[in-house]
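Scroll down for the structure; my scribbles are underneath it.
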Amino acid sequence: MPARPSAALALAAPPAGRSPTRELLLAPTVEVARSLLGSWLLRRVGSQLYGARIVEVEAYLGVEDPAAHSFAGRRTARVEPMYAAGGHLYVFLVYGMHCCANVVTREEGRPEAVLLRAAEPPRADADAKLLSGPGKLCRALAIARGHSGLDLLTDRRLGLVLDPVAPEAVGISRRIGIDYAGDAAAWPLRFYVRGSRALSGPRALRE
DNA sequence: CACATGATCGCCT
DNA sequence: GGCGATCATGTGG
């Protein structure tokens with residue numbers, strides 16, 4: 001696991017745009033998911049700033065969502081950050097080797113989150129597929145389990161800057177990789193920026 | 001391009 | 001003990 005983010009993600013200066021408010025991140029999870037499309041995920045290591053623009057996310061609706069780690073109120077040390085207030089980060093390990101990062105939503109005690117599935121590098125000449133998948137996104141930005149539970153609104157290492165996309169540019173589909181969750185796998189909770197070259201998943205889910 | 005498979009280990013039952 | 005909110009690589013069309 002790389003200690004530093006990919007050099008291709010280095011930023012000379014912070015991107016334009018405003019930081020999200022706590023209120024925005026306490027909103028219904030689907031609303032937050034759409035708000036995060038286009039947003040910059042910023043990563044700071046030492047004095048160097050890195051970042052990428054989020055183009056694909058999935059909503060996980062907590063205790064009533066069979067695909068969510070917090071389904072039926074499950075509350076363990078791993079999932080605990082999902083119970084924090086909106087704006088915190090939840091990172092977990094899947095398949096023994098990849099991390100996935102989520103932005104927690106809703107008020108404290110209500111464990112919902114938005115999975116960050118793909119992002120675009122800041123420059124057009126970079127590999128568009130560098131962060132095309134939740135595991136690749138974490139690897140490219142050097143996000144690890146040790147970051148789980150941090151507050152994106154106050155932490156120096158990770159943060160967000162809003163840069164909304166037009167509603168008509170947003171595509172919607174079923175979620176990926178959760179077929180074990182039965183009917184919930186078909187719920188339209190994946191949101192993506194149409195036409196982005198950084199999208200993950202099969203072609204049929206990119207429109 | 002579509003599909004199949006192996007890697008690898010923390011987490012929960 | 002079983003199984004993932006995945007990825008890279010391999011095969012075949």
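First the proteins, then the strands, lettered A, B, ... as listed; each starts at 1.
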According to a cutoff of under 5.5 Å between the ring centres and under 30° between the ring planes, does A:Tyr95 stack with the base of B:dA7?
no
Classify A:Leu115 by what it touches in the nucleic acid, base, sugar-phosphate, or nothing, heavy-atom distance under 4.0 Å.
base
Go through A:Arg175 and A:Asp65 one step at a time and tell me if the salt bridge (Lys or Arg N to Asp or Glu O under 4.0 Å) criterion holds.
CA-CA 12 Å; A:Arg175 292 177 291 180; A:Asp65 181 355; 2.7 Å; yes
Base, sugar-phosphate or nothing for A:Gly135? Non-hydrogen atoms, less than 4.0 Å.
sugar-phosphate
Does this structure show an ion pair linking A:Arg44 with A:Asp155, if we count only N-O contacts that are shorter than 4.0 Å?
no
Which nucleotide, B:dC11, C:dA8, C:dA5, lies nearest any side-chain atom of A:Arg139?
C:dA8
Would you say A:Arg78 reaches B:dG10's phosphate, i.e. side-chain N/O to OP1/OP2 under 4.0 Å?
no
I need the CG-C1' distance between A:Leu93 and B:dC11, as an integer number of Å.
10 Å
With sugar-phosphate meaning primed atoms plus P, OP1 and OP2, does A:Arg175 contact a base, only sugar-phosphate, or nothing at under 4.0 Å between heavy atoms?
nothing
Rounded to the nearest angstrom, tell me the gap between atom CG in A:Asp127 and atom C1' in C:dC7.
14 Å
Counting Watson-Crick and G-U wobble pairs only, both distances under 3.5 Å, name the nucleotide matched with B:dG6, or none.
C:dC7
Under the criterion side-chain contact (heavy atoms from CB on, under 4.5 Å), which of A:Val193, A:Ile54, A:Val55 is the partner of A:Val165?
A:Val193
Under 4.0 Å, counting only non-hydrogen atoms across every strand here, what does A:Thr76 touch: a base, just sugar-phosphate, or nothing?
sugar-phosphate
Could you work out which one of C:dA8, B:dC1, C:dA5 sits closest to the side chain of A:His69?
C:dA5
Specify the separation, in whole Å, of atom CG of A:Leu189 and atom P of C:dA5.
15 Å
Between C1' of C:dT6 and CD1 of A:Ile176, the distance in whole Å:
11 Å
Is there a side chain to side chain donor-acceptor pair (under 3.5 Å) between A:Arg117 and A:Tyr192? Walk through the geometry before answering.
CA-CA 9 Å; A:Arg117 284 200 58 92; A:Tyr192 57 95; over 6 Å; no
Consider the side chain of A:Ile178, meaning its heavy atoms from C-beta on, and name the nucleotide among C:dC7, C:dA5, B:dT13 that approaches it most closely.
C:dA5
Following the transitive rule for hydrophobic clusters with a side-chain heavy-atom cut-off under 4.5 Å over Ile, Leu, Val, Met, Phe, Trp and Tyr, establish whether A:Leu152 and A:Leu25 coincide in one cluster.
yes
Who pairs with B:dC11 - Watson-Crick or G-U, where each distance is under 3.5 Å
C:dG2
Taking the minimum atom-to-atom distance to the side chain of A:Lys136, which one of C:dT6, B:dG10, C:dC7 wins?
C:dC7
Rounded to whole angstrom units, what separation is found between the CE atom of A:Met97 and the P atom of C:dA5?
13 Å
With the side chain defined as heavy atoms from C-beta on, A:Arg74 is closest, among B:dC1, B:dC12, C:dT6, to B:dC12
Starting at atom CG of A:Leu130, determine the distance to atom P of C:dA8, rounded to an integer number of angstrom.
10 Å
B:dC11 P sits how many Å from A:Arg145 CZ, rounded?
6 Å
Tell me the interatomic distance from A:Arg75, atom CZ, to B:dC12, atom P, rounded to whole angstroms.
13 Å
Would A:Ser196 and A:Glu56 count as having a side-chain donor-acceptor pair, cut-off 3.5 Å?
no
Answer yes or no: does a side-chain N or O of A:Arg203 lie under 4.0 Å from OP1 or OP2 of B:dC1?
yes
